[in-house]
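Counting convention: from 1, in listed order, for ligands and their atoms alike.
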Amino acid sequence: MIKNITVCGAGTMGRGIAQVSAQFGYNVRLFDLKQEQLDNAMNAIRRNLDKGVARGKTTVEEQERCLANLRVYTSLGEACTDCDLFIEAVPEQLALKHKILCEVEGYVSKECILGTNTSSLSIADVAQPLSHPERLLGTHFFNPVHIMKLLELVYHEGTAQSVIESIQSYGGTIQKECILVRNAPGFATSRLGVALGMEAIRMLEEGVASAEDIDKAMVLGYRHPIGPLKLTDLVGLDVRMHIGTYLSQALNNDAFSPPELMKQMVEEGKLGKKTGIGFYDYSDS
Ligand SMILES: NC(=O)c1ccc[n+]([C@@H]2O[C@H](COP(=O)([O-])OP(=O)(O)OC[C@H]3O[C@@H](n4cnc5c(N)ncnc54)[C@H](O)[C@@H]3O)[C@@H](O)[C@H]2O)c1
């Protein structure tokens, strides 16, 4: 049974995973290399909770419980004390994820489950150097974690059924909807999302319609909450281009190849919301 959760990496995703887990009663240890990063994470979590309370989405009891259940650490060994579930949310580099997960295997019991929040790496590749690869699976959360309902669980050939079931049960307790996906390039979410995004950019490039109208086609015609071009702006054109290049090679499918327009915009530093300009202008926001 999962009681104690260690989250590694207190960035965008790690802090969100720590927040929701603590909010729903788990004892959470959040680890990062620097105290400053942990302080930033705790401040962001407090702000989220305050907003939640102000909007009536979170109760004061939940807020207090969340903060009482959270501890921060700069020592990985200490953060792994009595750990039942370890989730890594460090940058998307295979070698870094290997280093951390192998070190963690030395701190935790063999029943401890290991989750990786990778959005694109093969789960089998992440599991490859582990002594107990059967305990690892992909726990792919979405940003912002406290709002997005989806938890994409990705198993590799050797993932134990009991591990999948434990994580499905954990997902339910933190009020996420779990989907179960076999380890395949782009899983379910990135493969579909990036295909749509790349096609929308090609349509813009060909002058089929304006960015606003391409987005409206999907929002009003298909009830998507956000259009594919605006979503690409939010994720970052550079990030999506990287995933698209990887998927076009891994799936041998040109539909994922970044269009010329995207390459040009990335070269010009038009990366989307984070740089103030992408398919839309954010200089005022
Ligand atoms: N940002 C997103 O929208 C998103 C969505 C889904 C999945 N992901 C995936 O989640 C993972 C993390 O992404 P992010 O956006 O939170 O990154 P981020 O850059 O915001 O955070 C990464 C954190 O890891 C820390 N870190 C770096 N090296 C470390 C180490 N050796 N030990 C402990 N901490 C270390 C950094 O200090 C930082 O706090 C990546 O695999 C990414 O692909 C991101």
Per-residue contact class, Ala41 against ligand 1 - non-hydrogen pairs under 4.0 Å: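 For Ala41, there is no contact with ligand 1 at all, from either part.
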
query: Side chain or backbone of Lys99 under 4.0 Å from ligand 1, or both, or neither, by non-hydrogen atoms?
result: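 Within the 4.0 Å criterion, Lys99 makes no contact with ligand 1.
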
Within ligand 1, which atoms have a heavy atom of [X] less than 4.0 Å away?
| X | result |
| --- | --- |
| Lys97 | 40 (C), 41 (O) |
| Ser119 | 7 (C), 8 (N), 9 (C), 42 (C), 43 (O) |
| Cys8 | 33 (C) |
| Ala10 | 39 (O) |
| Ile100 | 30 (C), 31 (N), 32 (N) |
| Thr118 | 41 (O) |

Salt-bridge present ([X], [Y]; N to O < 4.0 Å):
| X | Y | result |
| --- | --- | --- |
| Glu78 | Arg29 | no |
| Lys149 | Glu177 | no |
| Glu157 | Arg182 | no |
| Arg202 | Glu199 | yes |
| Lys34 | Glu36 | no |

Of the listed options ([options]), which comes nearest to [atom] when hydrogens are ignored and any heavy atom counts?
| atom | options | value |
| --- | --- | --- |
| atom 21 (O) of ligand 1 | Gly11, Pro144, Ala79 | Gly11 |
| atom 12 (C) of ligand 1 | Gly138, Ala89, Pro91 | Ala89 |
| atom 29 (C) of ligand 1 | Thr12, Leu33, Val145 | Leu33 |
| atom 31 (N) of ligand 1 | Leu96, Thr74, Val90 | Leu96 |

What residue and atom, counting heavy atoms only, is the protein's closest point to [atom], and at what distance?
| atom | answer |
| --- | --- |
| atom 33 (C) of ligand 1 | Phe31 CE2, 3.3 Å |
| atom 14 (P) of ligand 1 | Met13 CG, 3.9 Å |
| atom 37 (O) of ligand 1 | Asp32 OD1, 2.8 Å |
| atom 9 (C) of ligand 1 | Asn117 O, 3.3 Å |
| atom 3 (O) of ligand 1 | Asn143 CB, 3.4 Å |
| atom 41 (O) of ligand 1 | Glu92 OE1, 2.5 Å |

For residues [X] and [Y], determine if any side-chain heavy atom of one lies less than 4.5 Å from a side-chain heavy atom of the other.
| X | Y | answer |
| --- | --- | --- |
| His156 | Val126 | no |
| Asp50 | Gln63 | yes |
| Leu85 | Ile167 | yes |
| Asn253 | Leu247 | no |

query: Purely on distance, is any nitrogen or oxygen of Phe142 under 3.5 Å from one on ligand 1?
result: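 Looking only at distances, the answer is no, because the N/O contact criterion of under 3.5 Å is not met.
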
- prompt: Below 3.5 angstrom, do we get any N/O pair linking Gln37 and ligand 1?
  reply: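 Such a contact does occur with ligand 1.
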
- prompt: Is Lys274 atom NZ crowded by more than 12 heavy atoms from other residues, nucleotides or ligands, each under 6.0 Å away?
  reply: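 Yes - once you tally the heavy atoms of other residues, nucleotides and ligands closer than 6.0 Å, there are more than 12.
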
- prompt: Taking everything shown except His242 itself, do over 12 heavy atoms lie less than 6.0 Å from its NE2?
  reply: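 Count not over threshold, so no.
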
- prompt: Any chance the side chains of Gln23 and Gln19 put a donor and an acceptor closer than 3.5 Å?
  reply: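 Checked: Gln23/Gln19 side chains pair up, N/O donor to acceptor below 3.5 Å.
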
task: Answer with yes or no after comparing the ring centroid distance for Tyr26 and Tyr170 against a 6.0 Å cut-off, counting only values under it.
output: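 Yes - the distance between ring centres of Tyr26 and Tyr170 falls below the 6.0 Å cut-off.
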
message: Go through it in stages, so that I can follow the logic: the residues are Ile113 and Asp84, the test is side-chain contact (heavy atoms from CB on, under 4.5 Å), and I'd like the CA-CA distance, side-chain angles, deciding distance and then a yes or no.
response: CA-CA 6 Å; Ile113 296 171; Asp84 303 310; over 6 Å; no

query: Rounded to the nearest 0.5 Å, how far apart are CG of Leu204 and CE of Met265?
result: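 Those atoms lie 8.0 Å apart.
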
Does ligand 1 have any atom that is closer than 4.0 Å to a heavy atom of [X]?
| X | answer |
| --- | --- |
| Glu88 | no |
| His140 | yes |
| Phe141 | yes |

query: How about atom 24 (O) of ligand 1: does it have a protein heavy atom within less than 4.0 Å?
result: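 Under the 4.0 Å cut-off, atom 24 (O) of ligand 1 does have protein heavy-atom neighbours.
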
query: Just to confirm, does any protein heavy atom lie below 4.0 Å from atom 17 (O) of ligand 1?
result: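 It does not: no protein heavy atom is found less than 4.0 Å away from atom 17 (O) of ligand 1.
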
